[in-house]
There are 2 protein chains.
Amino acid sequence: MNANGFGTQVKRGVIEFCVLSMLNRREHYGFELVQELSRVDGLLTSEGTIYPLLSRLRRAGLVSPEWRESTSGPPRKYYRLTPEGEHTLDDYRRQWTLIRDAVNTLVSE
Amino acid sequence: MNANGFGTQVKRGVIEFCVLSMLNRREHYGFELVQELSRVDGLLTSEGTIYPLLSRLRRAGLVSPEWRESTSGPPRKYYRLTPEGEHTLDDYRRQWTLIRDAVNTLVSE
DNA sequence: CCCAGTACCTTGTTATGCAAGGTACTGGCT
DNA sequence: AGCCAGTACCTTGCATAACAAGGTACTGGG
C-alpha cells in the first residue's frame, strides 16, 4: 500500500487528463485507451479504471460515443471530445502546468 | 466538482511527495507546512489534509515527531524524516519523474 | 473582556483507481 | 466437435485521501 500507493494516488486525475488529451488528437475506443496507456511507463492502468472514467466523462458532456462495427471482433464504442471537453482540457492543461512546476520547484533542492 | 476536481485529484499523493521533500530539507511543524504549501500556486491545502497525512506518515515510520515549546504560542510538533522516509522519498522521486514525463509526452501533441 | 491568531486534532463526505467478476463474439488448435 | 485465448464491453465492492467543518487550548492586543 506504500510502494504502489504513490503511483496510484498521483494517477488520480492525471489519467483523466491523459484520456482527454488522447481523444483530442483523435477518437479512440476504450480497450484501445487501456492498451496505449499501459504501454507508457508509469501509467499502467486497467479496464476497471477506463470504462467508469469514460462513463463519467460522457455523463459530464465532455465526450460523445459512437458505436462502430469491427471486422475482427465485437463492435467498438468510439469516443471523441465535445466542444465542452476541449474547453475542460484547456483548463486541465493550465492546472497541470501549475502543479507540475510547483512540485518540481519544491522537490528539486 | 469539475473545475476544482482536477486539482484535488492530482494533488492526491503529490502532497505527500512534497511534504517528504520539505522534511528532507529541514524539519517542519504541521501548521508551518500548511502555510508554506498554501503559498505555492496550485498546491493550496488545509489542515484537514496535512494533519491526517502526518499521522499516516508517522504510523508508516517515514517521519518522527518531537514536541518543542514556542515562545509565541502553543507547543509545536516538529517532524523529521527517518532513514526509511529518505528511502521512500527516493522511490517517489523516480515514480514522479516517470509519471511527469509520461504525461508531458502524451499531452504535448 | 472578547476576539483573532497560533497550533494541534477528528469526523464525515466524496471521489476514484483497481481487482475481480460477468457477458458475448471470433478464430485457431487439437 | 470442443475448448481456450483474444477482443471488447460492462459492473460491484474495497481502500484511500483531500477537504470542509468542527473542536480544544493558549496568547496577546484593542
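First the proteins, then the strands, lettered A, B, ... as listed; each starts at 1.
Contact annotation: A:Tyr51 side-chain N/O to D:dC10 OP1/OP2 distance is not under 4.0 Å. Taking side-chain N and O atoms only, A:Tyr29 has a distance below 4.0 Å to OP1 or OP2 of D:dA8.
If you measure from atom CZ of B:Phe6 to atom P of C:dA15, you get 17 Å, rounded to the nearest angstrom. The CG atom of A:Leu57 sits 16 Å away from the C1' atom of D:dC10 (whole-angstrom rounding). Rounded to an integer number of Å, the gap from B:Glu66 CD to C:dC8 P is 13 Å. Summarising the geometry, the separation between CD on B:Glu32 and P on C:dG5 is reported as 19 Å, rounded to the nearest angstrom. In this structure, CD of B:Gln35 is placed 12 Å from P of C:dG5, rounded to the nearest angstrom. Rounding to whole angstrom units, CG of residue A:Leu33 and P of C:dG17 are separated by 13 Å. Distance CH2 (A:Trp67) to C1' (D:dA8): 8 Å, rounded to an integer number of Å. Counting to the nearest Å, the C1' atom of D:dC9 and the CZ atom of A:Arg58 are 13 Å from each other.
For the side-chain hydrogen bond (donor to acceptor under 3.5 Å, both in side chains) test, residues two or more places apart in sequence or in another chain that qualify with B:Arg26 are B:His28, B:Glu32, B:Glu36. Judged as a side chain to side chain contact (heavy atoms under 4.5 Å, CB included), and not counting sequence neighbours, the contacts of A:Tyr51 are A:Phe31, A:Glu47. Take A:Glu84 and apply the side-chain hydrogen bond (donor to acceptor under 3.5 Å, both in side chains) test, not counting sequence neighbours, and it matches no residue. Taking A:Ser70 as the reference, A:Ser72, A:Arg76 meet the side chain to side chain contact (heavy atoms under 4.5 Å, CB included) condition, with sequence neighbours excluded.
Of the N and O atoms on the side chains of A:Asn104 and B:Arg100, at least one donor lies less than 3.5 Å from an acceptor on the other residue.
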Per-nucleotide protein contact string for nucleotides 18-30 of chain D, where B marks a base within reach and S marks sugar-phosphate only (heavy atoms under 4.0 Å, - for neither): SBBB---------
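B:Leu44 belongs to no hydrophobic cluster with other residues, because no ILVMFWY side-chain heavy atom falls under 4.5 Å from its own, directly or through intermediates.
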